[in-house]
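Order of listing sets the numbers, starting from 1, for every ligand and every atom in it. Since we're looking at a predicted model, the values are computed, not measured.
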Amino acid sequence: MKLVMLGAPGAGKGTQAKMIADTYGIPHISTGDIFRANIKEGTELGTKVKTYMDQGLLVPDELVVDLVVDRVQKDDCKNGYVLDGFPRTIPQAESLDAALAKAGDKIDFAINVDVPDENIVERMSGRRACVSCGATYHIVSIPPKQEGICDRCGAKLILRDDDKPETVKKRLDVYHAQTQPLIDYYEKCGALKNVDGTVDMMQVFAQIQDILK
Ligand code: AP5
Ligand code: MG
């Protein structure tokens, strides 16, 4: 089962991708999480991507594509994976498809988590992310048991640098210009599935399970 999560920033791609990964026992591959881990560790890649991320801009395709193409060829991806935050441009999708086609493979479903822009800024300003394991919460809709502390691993929860309202607006603009065209791309190849992302996260997950069964 090879899946791609589509959707605006804050639509709930990460939240759903984690539930899919846990339920179906496949790896959750988030390019945003990979970049944030590199920034935290101070790697060369982290230094390169930080300036783009802090401005709400996409990281150049050449810094992303090889990383993901290598990752999906690892042993733990044999039974599938869920890609979250990749592809984000048409060239990224084409590179992924070309790499998969070499092995006679393809993406099974591109799940588009649909949430209108009006809901996004509120969601992002309430999001808290774990500095250690990447789990995400929302101070109103999905609060941690203890304020500021991750339920899963006990580490600190923070507001992401790019979740400030000005940066969120920029990310939405970038999404509409560069990533939304992927909805048509996956529709044309017959992999697109839309889910309503405005409902409670368990109800969103139920729609996804209907698609995957
Ligand atoms: P990335 O980390 O992928 O950010 P994003 O796409 O902007 O998406 P988010 O992680 O912000 O949102 P999400 O959809 O995962 O929502 P979540 O589940 O957390 O990328 C960050 C940056 O990295 C990019 O801007 C770019 O610079 C760079 N980058 C990454 N990949 C790249 C690529 N391929 N190419 C180029 N650049 C790349 O949910 C949001 C909040 O809502 C949470 O608080 C959550 O608890 C809450 N929530 C979730 N579901 C619900 C629900 N149903 N109801 C109520 N609240 C909910
Ligand atoms: Mg995410």
Side-chain angles (χ1 to χ4, degrees), residues 4-21 28-39 45-46 48-69 71-72 82-96 111-117 119-130 134-144 150-151 157-164 167-180 182 195-208:
V4 161
M5 302 302 293
L6 296 177
K13 301 180 297 294
T15 302
Q16 296 301 324
K18 284 185 191 100
M19 292 164 84
I20 295 170
H28 166 208
I29 302 170
S30 157
T31 42
D33 287 353
I34 294 171
F35 292 150
R36 282 184 288 276
N38 274 274
I39 292 172
L45 177 66
K48 281 187 190 158
V49 299
K50 188 175 186 328
T51 45
Y52 297 98
M53 289 176 71
D54 284 350
Q55 296 174 70
L57 299 173
L58 294 186
V59 167
D61 289 343
E62 56 271 24
L63 293 179
V64 191
V65 170
D66 291 349
L67 184 131
V68 176
V69 167
R71 178 68 188 84
V72 299
V82 50
L83 292 176
D84 162 17
F86 183 94
R88 246 187 168 87
T89 62
I90 299 279
Q92 289 182 16
E94 287 171 347
S95 304
L96 174 66
I111 300 173
N112 178 37
V113 184
D114 192 20
V115 177
D117 288 9
N119 303 26
I120 298 286
V121 178
E122 191 280 320
R123 275 200 190 181
M124 309 294 252
S125 56
R127 172 164 60 185
R128 296 295 180 271
C130 175
T136 48
Y137 302 85
H138 188 279
I139 50 174
V140 179
S141 55
I142 313 162
C150 180
D151 291 351
L157 301 179
I158 53 150
L159 177 70
R160 261 167 54 179
D161 283 343
D162 58 351
D163 279 350
K164 292 178 232 127
T167 317
V168 170
K169 290 199 185 91
K170 179 71 200 166
R171 283 161 66 199
L172 276 170
D173 290 344
V174 167
Y175 166 76
H176 290 300
Q178 291 180 267
T179 307
Q180 206 173 16
L182 289 174
V195 298
D196 176 4
T198 62
V199 293
D200 163 90
M201 66 184 236
M202 293 313 296
Q203 288 172 281
V204 180
F205 189 55
Q207 298 172 61
I208 294 175

Quick one, R160 and M124 - any side-chain contact, counting heavy atoms below 4.5 Å?
no

N or O pair under 3.5 Å between R36 and ligand 1
yes

Considering only heavy atoms of V199, which atoms of ligand 1 have at least one such atom less than 4.0 Å away?
52 (C), 53 (N), 54 (N)

Going by distance only, is there an N or O of G10 that falls short of 3.5 Å from an N or O of ligand 1?
yes

Where the side chain of R128 meets the backbone of I139, is there a donor-acceptor pair that is under 3.5 Å apart?
no

Side-chain heavy-atom pair L83, V72 within 4.5 angstrom cut-off:
yes

Counting non-hydrogen protein atoms only, what is the nearest one to atom 18 (O) of ligand 1? Give residue, atom name and distance.
T15 OG1, 2.5 Å

Does A11 have a heavy atom less than 4.0 Å from any atom of ligand 1?
yes

So is T89 touching ligand 1 or not, going by heavy atoms under 4.0 Å?
no

Backbone or side chain, does any N or O of G85 fall under 3.5 Å from an N or O of ligand 1?
yes

Look only at interatomic distance and state if G126 has a nitrogen or oxygen under 3.5 Å from any nitrogen or oxygen of ligand 1.
no

Compare S141, P143, G56 and give the one whose heavy atom is closest to atom 55 (C) of ligand 1.
S141

Nitrogen or oxygen atoms of D162 and ligand 1 under 3.5 Å apart:
no

Quick check against the 3.5 Å criterion: does K13 have a side-chain atom that pairs as donor or acceptor with the backbone of V4?
no

Can you confirm whether the side chains of T89 and D61 place a donor and an acceptor under 3.5 Å from each other?
yes

For L57, atoms of ligand 1 separated by under 4.0 Å from a heavy atom:
26 (C), 27 (O)

Any nitrogen or oxygen of Y137 lying under 3.5 Å from a nitrogen or oxygen in ligand 1? Just yes or no.
yes

Going by atom types only, do D33 and H28 share a side-chain donor-acceptor pair under 3.5 Å?
no

Is there a heavy atom of G7 sitting under 4.0 angstrom from any atom of ligand 1?
no

Heavy-atom distances under 4.0 Å decide this one: backbone, side chain, both or neither, for I142 against ligand 1?
side chain

As an exercise, identify every atom of ligand 1 less than 4.0 angstrom from a heavy atom of R171.
4 (O), 5 (P), 7 (O), 8 (O), 9 (P), 11 (O)

Numbered atoms and elements of ligand 1 in range of T31, under 4.0 angstrom, heavy atoms
30 (C), 31 (N), 32 (C), 34 (N)

Can you tell me if R160 contacts ligand 1 (heavy atom of the residue under 4.0 Å from the ligand)?
yes

Take D163 and R171 through the test salt bridge (Lys or Arg N to Asp or Glu O under 4.0 Å) and record every step on the way to the result.
CA-CA 9 Å; D163 279 350; R171 283 161 66 199; 2.9 Å; yes

Counting N and O atoms only, with roles assigned by atom type, does the side chain of Q178 sit under 3.5 Å from a partner on the main chain of D173, one being a donor and the other an acceptor?
no

Please confirm whether the backbone N or O of F86 pairs with a side-chain atom of Q92, one donor and one acceptor, at under 3.5 Å?
no

Pick, from Q55, K170, M53, R123, the option with the minimum heavy-atom distance to atom 52 (C) of ligand 1.
R123

Taking atom 37 (N) of ligand 1 as the reference point, the nearest protein heavy atom with its distance
V59 N, 3.0 Å

Please could you name the atoms of ligand 1 that F86 approaches to less than 4.0 Å, counting only its heavy atoms?
34 (N)

Side-chain heavy atoms of K170 within contact of V174, under 4.5 Å
yes

Heavy-atom check, side chain of L45 versus side chain of F35, under 4.5 Å
yes

So which heavy atom in the protein is nearest atom 19 (O) of ligand 1, and how far is it from that ligand atom?
R127 NH1, 2.6 Å

Atom 16 (O) of ligand 1 has as its nearest protein heavy atom G12 N, 3.2 Å

If you measure every N/O of Y52 against every N/O of ligand 1, is any gap under 3.5 Å?
no

Donor-acceptor pair, distance only, cut-off 3.5 Å: does the side chain of R88 make one with the backbone of G85?
yes

Heavy-atom contacts with D200 under 4.0 Å: which atoms of ligand 1 show up? List them by number with element.
53 (N)

Please check if the side chain of R71 supplies one atom and the backbone of I29 the other of a donor-acceptor pair under 3.5 Å.
no

Pick whichever of Q203, M5, R88, Q92 has a heavy atom sitting closest to atom 5 (P) of ligand 1.
R88

State the atoms of ligand 1, each with its element, that fall below the 4.0 Å cut-off from a heavy-atom position in G14.
13 (P), 15 (O), 18 (O)

Tell me if a side-chain donor or acceptor on N112 pairs with a main-chain N or O of D114 at a distance below 3.5 Å.
no

Would you compute the distance between atom CG of L182 and atom CD of E94 and round it to the nearest 0.5 angstrom?
9.5 Å

Check each atom of ligand 1 against the heavy atoms of M124 and keep those under 4.0 Å away; list them by number with element.
11 (O)

